[in-house]
Asker: 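First, the structure itself, so that you have it in front of you.
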Amino acid sequence: MKPAPGYMPRRRLLQGLGGLSVGLAVTGAAPAPDVAETVRPPDVTTNPPRQWGPGAPPSFTPDPDVLIIDRSFRDLLFSAATVHRVWDKGTWLEGPAWSAEGRYLLFSDTVTSRQYRYLWETGEITVFRPESYHSNGNTFDYQGRQLSCEHFLRRVIRWEHDGSVHVVADRYEGRPLNSPNDVVVHPDGSIWFTDPGYGASFTEGHADEPGGEGNPDGKIRWRIGEELIGEIGGNKRQADHTFRVDPSGRIEAVLTQAQLPNPNGLCFSPDHKKLYAISSGRQVGANGHEGDQAIHVFDVQKDTTLANPRLLTNMRFQGVQMGPDGMKADIYGNLWCGAGGPLGLCGVFVFNPEGHLIGRIRLPHGVSNLAFGGPKRNWLFMCAGESLYRLQVNTQGAGPA
């Protein structure tokens with residue numbers, strides 16, 4: 001049979017992916033002349049192509065998309081476990097967090113401005129909050145209270161046990177925040193969060209007023225679409241910061257834009273003596289500034305200041321610059337990081353405490369963030385584009401939940 005127009009043999013497609021690190025170094029390279037259309041197989045990382053969803057056949061074990069790079073990663077895996085797609089009805093999923101009291105996984109859809117929960121006992125996905133003001137990062141504190149970063153209202157909030165909402169932070173030095181992105185808690189009662197400008201867009205929040213990086217020429221119709229624009233939350237971006245809010249409510253900047261541009265994912269080491277922070281890529285707007293797309297680590301001093309800044313990993317793999325996003329530590333101090341990048345490379349990257357890559361989980365989409373959940377905290381939940389995935393592992397999350 002003669003191949004259909006645009007057909008690309010699978011072997012050739014895999015060879016093309018193998019040469020990505022070379023191809024990306026050539027700017028302006030033209031596509032192959034015999035490729036008439038974009039090829040989008042279910043997944044190019046397994047043979048035969050992997051199928052996902054409730055109707056998919058059983059996967060092979062050990063899972064071919066769970067890749068052991070260092071022997072130590074094998075000890076963190078349950079050999080009979082396979083990656084499963086739990087749900088695929090989202091748009092851009094973010095901020096997974098496990099509720100110990102509720103026995104559910106909370107996560108955000110930043111585009112549709114909803115929060116969902118995955119119920120452990122039944123496996124159902126239900127709408128948790130039909131309006132979340134484009135929430136992104138979520139976590140639960142040591143008292144079981146939910147904290148969320150709201151892009152639209154540009155604030156960090158905490159839901160109290162009586163159902164009321166407490167605003168943790170919405171201003172710094174008299175100026176509104178940008179769009180809080182990720183949030184973590186410390187045993188001393190403090191709350192730490194990043195504040196880049198990624199939510200200053202009409203896709204995941206609302207645009208800035210004319211002027212500045214996000215809307216320099218005023219062409220974006222920043223007031224339309226939501227009745228609260230300009231009434232609640234900021235409308236003009238300030239410099240990036242990573243903040244700490246102490247139990248009294250006092251807010252202080254622990255990292256400036258010069259120290260960590262485009263701050264994104266945050267994570268403490270299990271002993272809370274180190275803070276890991278991700279610097280992501282270009283922010284919203286043609287004039288947005290750049291981060292280095294790397295994971296940085298800082299020592300947390302007794303006075304809560306940060307010291308000894310250093311690079312944990314530059315997130316380059318096989319010649320390709322990956323895009324780190326959210327991350328979590330396990331009880332042994334390993335760092336599980338969601339990453340975007342080419343199909344076949346994107347997914348989850350796992351580093352040991354020294355910053356050495358020890359394993360990977362390949363998925364059909366880049367992973368925005370992840371969390372350990374389940375009654376024993378030994379299930380890894382991964383938000384990837386429109387889908388939520390899970391994998392049982394042989395370690396546990398180090399977070400408070």
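Scope of the values below: all heavy atoms of this structure, side chains included, with no hydrogens, waters or symmetry mates. Positions are given from 1, in the same order as the sequence printed here. Quick caveat, the model's predicted, so the values are computed rather than measured.
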Asker: For the residue pair Phe140 and Ala97, what are the closest heavy atoms and their distance?
Answerer: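 Smallest interatomic distance, heavy atoms only, reads CE1-O, 3.7 Å.
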
Asker: Considering residues at least two apart in sequence or located in another chain, which fulfil the side chain to side chain contact (heavy atoms under 4.5 Å, CB included) criterion with Phe78?
Answerer: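 For Phe78, the residues satisfying side chain to side chain contact (heavy atoms under 4.5 Å, CB included) (neighbours in sequence not counted) are Ala80, Ala81, Gln392.
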
Asker: Could you check whether any side-chain heavy atom of Arg129 comes within less than 4.5 Å of a side-chain heavy atom of Trp159, counting everything from C-beta outward?
Answerer: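 Heavy-atom side-chain distance check passes, below 4.5 Å.
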
Asker: Closest heavy-atom contact between Pro196 and Asp240?
Answerer: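 Looking at all heavy atoms of both residues, the shortest contact is CA-OD1, 3.7 Å.
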
Asker: Any pair with a residue in residues 74-86 that passes salt bridge (Lys or Arg N to Asp or Glu O under 4.0 Å), sequence neighbours left out, goes on the list, sorted by first then second residue, please.
Answerer: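 Matches after skipping sequence neighbours: Arg71-Asp75.
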
Asker: So, for Val300 and Leu275, which heavy atoms are closest and what is the spacing to 0.1 Å?
Answerer: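 It is CG2-N, 3.8 Å.
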
Asker: Got Arg50 and Ser59 here, is their nearest side-chain heavy-atom distance under 4.5 Å?
Answerer: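 Yes, at least one pair of side-chain atoms sits under 4.5 Å.
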
Asker: Measure the CZ-OG distance between Arg237 and Ser179 for me, rounded to the nearest 0.5 Å.
Answerer: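 Arg237 atom CZ to Ser179 atom OG measures 7.5 Å (nearest 0.5 Å).
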
Asker: Please name all residues satisfying ring-ring contact (aromatic ring centres under 6.0 Å, His included) with Tyr276, sequence neighbours left out, ordered by chain then number.
Answerer: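 If we apply the ring-ring contact (aromatic ring centres under 6.0 Å, His included) test to Tyr276, skipping adjacent residues, there are no hits.
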
Asker: May I ask you to decide if Asn314's main-chain N or O and Gln321's side chain share a donor-acceptor pair within less than 3.5 Å?
Answerer: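 Here the side-chain-to-backbone pair exists.
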
Asker: Among all residues two or more places apart in sequence or in another chain, which pass the salt bridge (Lys or Arg N to Asp or Glu O under 4.0 Å) test with Asp88?
Answerer: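 Asp88: no salt bridge (Lys or Arg N to Asp or Glu O under 4.0 Å) contacts found.
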
Asker: If you measure from CH2 on Trp192 to CD on Glu252, what distance do you get to the nearest 0.5 Å?
Answerer: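 Nearest 0.5 Å value for the CH2-CD distance: 7.5 Å.
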
Asker: Test your reading of the model: is there a side-chain donor-acceptor pair from Asn308 to the backbone of Phe298, 3.5 Å cut-off?
Answerer: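 No, because the side chain of Asn308 does not come within donor-acceptor range (under 3.5 Å) of the backbone of Phe298.
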
Asker: Step by step, would you call Asp299 with Arg310 a salt bridge (charged side-chain N to carboxylate O under 4.0 Å, His left out)?
Answerer: CA-CA 9 Å; Asp299 292 335; Arg310 56 204 183 273; 3.0 Å; yes

Asker: Side chain of Gln238, backbone of Asn178: donor and acceptor closer than 3.5 Å?
Answerer: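 Looks like no, no N/O pair under 3.5 Å.
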
Asker: Donor-acceptor pair, Arg377 side chain versus Gly374 backbone, under 3.5 Å?
Answerer: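 The answer is yes, because a donor-acceptor pair under 3.5 Å joins these two groups.
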
Asker: Taking atom types as modelled, is there a side-chain donor on Thr82 or His84 under 3.5 Å from an acceptor on the other?
Answerer: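 There is such a pair (donor and acceptor under 3.5 Å, judged by atom type) between the side chains of Thr82 and His84.
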
Asker: With sequence neighbours left out, write down each residue that passes side-chain hydrogen bond (donor to acceptor under 3.5 Å, both in side chains) with Thr304, or none if nothing qualifies.
Answerer: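 Per chain and number, Thr304 pairs via side-chain hydrogen bond (donor to acceptor under 3.5 Å, both in side chains) with no residue.
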
Asker: Identify the residue among Val185, Ile251, Thr139 that makes a side-chain contact (heavy atoms from CB on, under 4.5 Å) with Phe193.
Answerer: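 Of Val185, Ile251, Thr139, side-chain contact (heavy atoms from CB on, under 4.5 Å) with Phe193 is met by Ile251 alone.
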
Asker: Can you tell if the side chain of Cys337 reaches within under 4.5 Å of the side chain of Ile278, non-hydrogen atoms only?
Answerer: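 In contact.
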
Asker: For the atom pair CD1 (Ile361) and CZ (Phe349), what is the distance rounded to the nearest 0.5 Å?
Answerer: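 The CZ atom of Phe349 is 11.0 Å from CD1 of Ile361, to the nearest 0.5 Å.
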
Asker: Provide the full list of salt bridge (Lys or Arg N to Asp or Glu O under 4.0 Å) pairs with a residue in residues 157-178, sequence neighbours left out, each pair given once.
Answerer: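 Listed once each, the pairs are Arg145-Glu160, Arg158-Glu160.
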
Asker: How would you list, by chain and number, every residue that makes a salt bridge (Lys or Arg N to Asp or Glu O under 4.0 Å) with Glu101, sequence neighbours excluded?
Answerer: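 None.
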
Asker: Looking at residues at least two apart in the chain, or sitting in another chain, which of them share a ring-ring contact (aromatic ring centres under 6.0 Å, His included) with Phe107?
Answerer: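 In terms of ring-ring contact (aromatic ring centres under 6.0 Å, His included), with neighbours along the sequence ignored, Phe107 is linked to Trp87, Tyr116.
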
Asker: Would you check if Pro309 and His296 make a side-chain contact, meaning some heavy-atom pair closer than 4.5 Å?
Answerer: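 A side-chain contact is absent here, since even the closest heavy-atom pair is not under 4.5 Å.
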
Asker: Is any side-chain heavy atom of Ser113 less than 4.5 Å from a side-chain heavy atom of Glu131?
Answerer: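 Of all side-chain heavy-atom pairs linking Glu131 with Ser113, at least one is under 4.5 Å.
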
Asker: What are the two closest heavy atoms between Cys267 and Ala329, and how far apart are they?
Answerer: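 In terms of heavy atoms, the two residues are closest at SG-N, 3.3 Å.
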
Asker: Taking Asn138 for its side chain and Gly95 for its backbone only, find out whether a donor-acceptor pair lies under 3.5 Å.
Answerer: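 Side chain of Asn138 to backbone of Gly95, a donor-acceptor pair under 3.5 Å: yes, one is there.
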
Asker: Answer yes or no: does atom OH of Tyr142 have more than 12 heavy-atom neighbours from other residues, nucleotides or ligands under 6.0 Å?
Answerer: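 Count over threshold, so yes.
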
Asker: Are the side chain of Asp182 and the backbone N or O of Leu266 linked by a donor-acceptor pair below 3.5 Å?
Answerer: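 Yes, the answer is positive, given that a donor and an acceptor are paired below the 3.5 Å cut-off.
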
Asker: What side-chain hydrogen bond (donor to acceptor under 3.5 Å, both in side chains) pairs are there with at least one residue in residues 335-360, not counting sequence neighbours?
Answerer: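 Checked against side-chain hydrogen bond (donor to acceptor under 3.5 Å, both in side chains) - neighbours excluded - the pairs reaching residues 335-360 are Asp330-Trp336.
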
Asker: As an exercise, state the distance from NE2 of His151 to OG of Ser132, rounded to the nearest 0.5 Å.
Answerer: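 Reported value, rounded in 0.5 Å steps: 10.0 Å.
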
Asker: Is the Tyr118 ring parallel, tilted or perpendicular to the Trp120 ring (thresholds 30°, 60°)?
Answerer: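 Because their plane-to-plane angle is over 60°, the rings of Tyr118 and Trp120 count as perpendicular.
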
Asker: Can you name the nearest heavy-atom pair linking Pro342 to Met322, along with the distance?
Answerer: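 The pair with the smallest heavy-atom distance is CD-SD, 4.2 Å.
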
Asker: Is any side-chain heavy atom of Trp52 closer than 4.5 Å to one of Pro364?
Answerer: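 A side-chain contact exists here, since the closest heavy-atom pair is under 4.5 Å.
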
Asker: Rounded to the nearest 0.5 Å, how far apart are CG of Asn264 and CD of Gln293?
Answerer: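 The CD atom of Gln293 is 10.5 Å from CG of Asn264, to the nearest 0.5 Å.
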
Asker: Going through the checks in order, is the side-chain contact (heavy atoms from CB on, under 4.5 Å) test met by Leu388 and Leu105?
Answerer: CA-CA 11 Å; Leu388 176 68; Leu105 181 83; 4.0 Å; yes

Asker: Evaluate the side-chain proximity of Asn394 to Leu76: yes if any heavy-atom separation is below 4.5 Å, no if none is.
Answerer: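 With C-beta onward as the side chain, the pair stays apart.
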
Asker: Hey, can you pull the donor-acceptor pairs under 3.5 Å for the side chains in residues 378-386, sequence neighbours left out?
Answerer:
none

Asker: Whether the side chain of Asn136 engages the backbone of Cys149 through a donor-acceptor N/O pair (distance < 3.5 Å, no angle test) should be reported.
Answerer: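 Here the side-chain-to-backbone pair does not exist.
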
Asker: Is a side-chain donor or acceptor of Gln51 paired with a backbone partner of Ala56 at a separation under 3.5 angstrom?
Answerer: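 Between the backbone of Ala56 and the side chain of Gln51 there is no qualifying donor-acceptor contact (under 3.5 Å).
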
Asker: Assess the side chains of Gln146 and Ser148: does a donor N or O sit below 3.5 Å from an acceptor N or O?
Answerer: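 Yes, because at least one side-chain N or O of Gln146 sits under 3.5 Å from a partner of the opposite role on Ser148.
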
Asker: Please check if the side chain of Ser135 supplies one atom and the backbone of Ser108 the other of a donor-acceptor pair under 3.5 Å.
Answerer: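 Looks like no, no N/O pair under 3.5 Å.
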
Asker: Kindly state each residue pair satisfying side-chain hydrogen bond (donor to acceptor under 3.5 Å, both in side chains) with at least one member in residues 363-374, sequence neighbours excluded.
Answerer: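 Matches after skipping sequence neighbours: Lys328-Asn369.
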
Asker: How close do Pro324 and Ile295 get, heavy atom to heavy atom, and via which atoms?
Answerer: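 Looks like CB-CG1, 4.4 Å.
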
Asker: Nearest 0.5 Å please: distance from the CG atom of Leu153 over to the CG atom of Leu177.
Answerer: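 So the gap between those two atoms works out to 11.5 Å.
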
Asker: Sub-3.5 Å donor-acceptor pair from the side chain of Thr313 to the main-chain atoms of Gly355, do we have one?
Answerer: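 Answer holds: no.
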
Asker: Are Ser190 and Asp246 linked by a side-chain donor-acceptor pair shorter than 3.5 Å?
Answerer: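 Not at all, the side chains of Ser190 and Asp246 share no donor-acceptor pair under 3.5 Å.
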
Asker: What residues, two or more places apart in sequence or in another chain, satisfy salt bridge (Lys or Arg N to Asp or Glu O under 4.0 Å) together with Glu94?
Answerer: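 None.
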
Asker: Does the side chain of Thr395 come within less than 4.5 Å of Ile331's, by heavy atoms?
Answerer: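 Side chain of Ile331 against side chain of Thr395, heavy atoms only: contact under 4.5 Å found.
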
